[in-house]
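Reviewing the structure listed below.
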Number of protein chains: 2
Amino acid sequence: MRNMSLVQTELVAVLVAFNGDTPRVLTLDDGRSLPNGPLKTDDRSLQASLRAAVERQTGVAVGHLEQLYTFADHPPADGEPRRVAISYLALTRVGAERPAEHANPFDDAGSPAAWRDWYDYFPWEDQACPRAASAIMAILQRLDGWITRKPPERWEELRQRRDQVFGLNGESWNDELVLQRYELLYEAGLVPEAHATDVGGDACVAGLAMRHDHRRILATAIARIRAKIRYRPVIYELMSDQFTLFALQQAVERVAGRHVHKQNFRRQVAHQGLIEETGEESREAGGRPARLYRFRRSVVMERAVAGSKLPIVRAR
Amino acid sequence: MRNMSLVQTELVAVLVAFNGDTPRVLTLDDGRSLPNGPLKTDDRSLQASLRAAVERQTGVAVGHLEQLYTFADHPPADGEPRRVAISYLALTRVGAERPAEHANPFDDAGSPAAWRDWYDYFPWEDQACPRAASAIMAILQRLDGWITRKPPERWEELRQRRDQVFGLNGESWNDELVLQRYELLYEAGLVPEAHATDVGGDACVAGLAMRHDHRRILATAIARIRAKIRYRPVIYELMSDQFTLFALQQAVERVAGRHVHKQNFRRQVAHQGLIEETGEESREAGGRPARLYRFRRSVVMERAVAGSKLPIVRAR
DNA sequence: AAGATTAATACTCAATATGAGCATTAATCG
DNA sequence: CGATTAATGCTCATATTGAGTATTAATCTT
């Protein structure tokens, strides 16, 4: 093996829980950081140690844990060591979370922790909610300004990118492009992080800011969840033991940031055979009582690992 | 920011090119390592620097480059620094590769490099080829031995896992489970890497071995490509400028390790509208001459970023 | 207690997509 | 000139998906 540079390596976790009505993410530092800490030399596997740390410190049973992405910051000018962040996504259950004594799962320092609506950081992502419309309106105006200050030969390309990413002019909104949207705003200087100096400030246009590249990591996490709920039953990791179909639908809608067709949603869920009736009913909402279901955890396995989508000839 | 450990961080690249008839991967060290090198402090972004390094050293135009996964090795007992590998997948074109003077894209040392059939490392993955059948036969026998040496209360679980991963007893073969299969073999001690001592040796049962966790990284890469060709047009990154539909089909078949239905494949490809006729014909093969096509690179964009698969209500 | 309201649930229908095949066409090979 | 090898064209049954309409069963209001 060749000689290698020494690099500061940190772990960053995006802990997501569905707190009643909206997906929330565990933050530190008055909402400006994600839980993070150094990779310790004596940790077992990255994944195992992260799971243990999270469960020990927050009391949360982490249902689903996966690596997100590894980010390197921009090379520091002043000879400081390079910082690399290995980010993870952790899904936890309603009510299971306990932002307890030690809120930072990596560190015993214990800075004030809080669960925050992830749409506070990305208001334009919540298409099911009217606030997105005004956020987008403001964003598009600023983007136009930015584009027109660029050389005219780039206008076409930039406008196309804007249309594609925000679902304009014939393109339709793609809820999975969270990161692409954030990066466009970043390039355009519309998010505070883009200016190294102040964090905070112009929050109404571009959502709450975070330190370092933590908002980029959060964007990556949201994009990953949105993509994943389409082909893997990860949404159940966010549900409590029993739930109504409507609650399940709302969870999906809040995560995806858009409405789904009720009847078709039920059909799809029923068709998958991943849940079963508990026999009980919920009459918390106004109308006709809804049946309660539970997730059939035993059936899961790696089953339903995406459909083939290739015209593969069956063996049988 | 808190204090952080110093960790040896290396980059590992899986360069894939379609060399005539089979997918090949660039290897060093007589096929036992993947190209790798340290993360340098002055590199720009991880991705950009990797792309530049690969293109400079191999002369390859890397069409598609994406991060794969970040692996941490097992914690070293003797107080050595922890090693972390950030792995990337790079797709290059037929004929574009030049395993040249400096074969290692990260290092000017220049150790002997070679493109090798990736199925040399995973013979059981090539379901379209008879050698897989014998490989699997041998593997299953060994696996059975391993399972029966475990406590009987685990037999059920382990057999289920074996069936699921190798497509036995009602389960069907899932070509995307490359990593899961490798890890099962690893746990069972059927791959040489599992015994720290000798690398090489019993290659006929479990394929060629690699140093460190490089074969695990290669497994991750193959799994990623197999998954990705289903919903993104990455297969074209491996094709030359002009190709016949049959060549395209063969590329998909060799990558996925299984046969596809010819007519349905053509229908699907035509339906996507991502390629266009060049007007020319190829009469290299025996029979009726085949039309030549080219990839419409302009149409790509982020389009076709997966189908919704959620019953989302359309805006329109 | 009747009617309004709120949900849950049941069905229908058309448009597409997918898996499997059969049939036809157009070259080369011996 | 017929056999062989591919490419290409079509058909058909089955699923899957997107959009609705209709019905049922509770609570809430007056």
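All figures in this text were calculated on a predicted structure; none of them were measured in a lab. Chain identifiers are assigned alphabetically (A, B, ...) following the order of the sequence lines, protein sequences preceding nucleic acid strands; residue numbering begins at 1 within each chain. Atom set for the values below is all heavy atoms of this structure, side chains included, hydrogens, waters and symmetry mates excluded.
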* **Atom-to-atom span, NE2 of A:His271 to P of D:dT14 - whole angstrom** => 16 Å
* Let me know the distance between NZ of B:Lys262 and C1' of C:dT18, rounded to the nearest Å. => 19 Å
* Structure fact -> B:Leu292 atom CG is separated from D:dT8 atom C1', nearest whole Å, by 15 Å
* Asked: Which salt bridge (Lys or Arg N to Asp or Glu O under 4.0 Å) pairs, counting each pair once, include a residue from residues 269-278 of chain A, with sequence neighbours left out?
  -> A:Glu276-A:Arg294, A:Glu276-A:Arg296, A:Glu277-A:Arg291
* Asked: Residues two or more places apart in sequence or in another chain: which of them pass salt bridge (charged side-chain N to carboxylate O under 4.0 Å, His left out) with A:Lys262?
  -> none
* Structure fact -> Given protein heavy atoms under 4.0 Å, the one-letter contact record of nucleotides 20-30 of chain D, with B base, S sugar-phosphate only and - none, is simply BB--BBBS---
* Any side-chain heavy-atom pair from A:Ile222 and A:Tyr121 closer than 4.5 angstrom? -> no
* **Six-ring centre of A:Trp173, A:Arg226 cation under 6.0 angstrom, axis tolerance 45°** => no
* Asked: Quick one: B:Arg291 CZ to D:dG9 C1', roughly how many Å, whole number?
  -> 10 Å
* Among A:Arg267, A:Arg266, A:His261, which one satisfies side chain to side chain donor-acceptor pair (under 3.5 Å) with A:Gln263? -> A:His261
* To do: May I have the distance from B:Phe246 (atom CZ) to D:dG9 (atom P), rounded to whole angstrom?
  => 17 Å
* To do: Mind running salt bridge (charged side-chain N to carboxylate O under 4.0 Å, His left out) on A:Arg297 and A:Glu237 for me, showing each step along the way?
  => CA-CA 10 Å; A:Arg297 195 161 287 276; A:Glu237 305 296 344; 3.4 Å; yes
* Separation of A:Arg258 atom CZ from D:dG18 atom C1', in whole Å? -> 13 Å
* **Interatomic distance where CG belongs to B:Leu248 and P belongs to D:dA7 [whole Å]** => 12 Å
* How do A:Arg267 and B:Arg266 order along DNA chain D: which one's closest nucleotide is nearer the 5' end? -> B:Arg266
* Asked: To the nearest angstrom, how far is A:Gln249 atom CD from C:dA7 atom C1'?
  -> 11 Å
* Is the distance from OP1 or OP2 of C:dA17 to the nearest side-chain N or O of B:Gln268 less than 4.0 Å? -> no
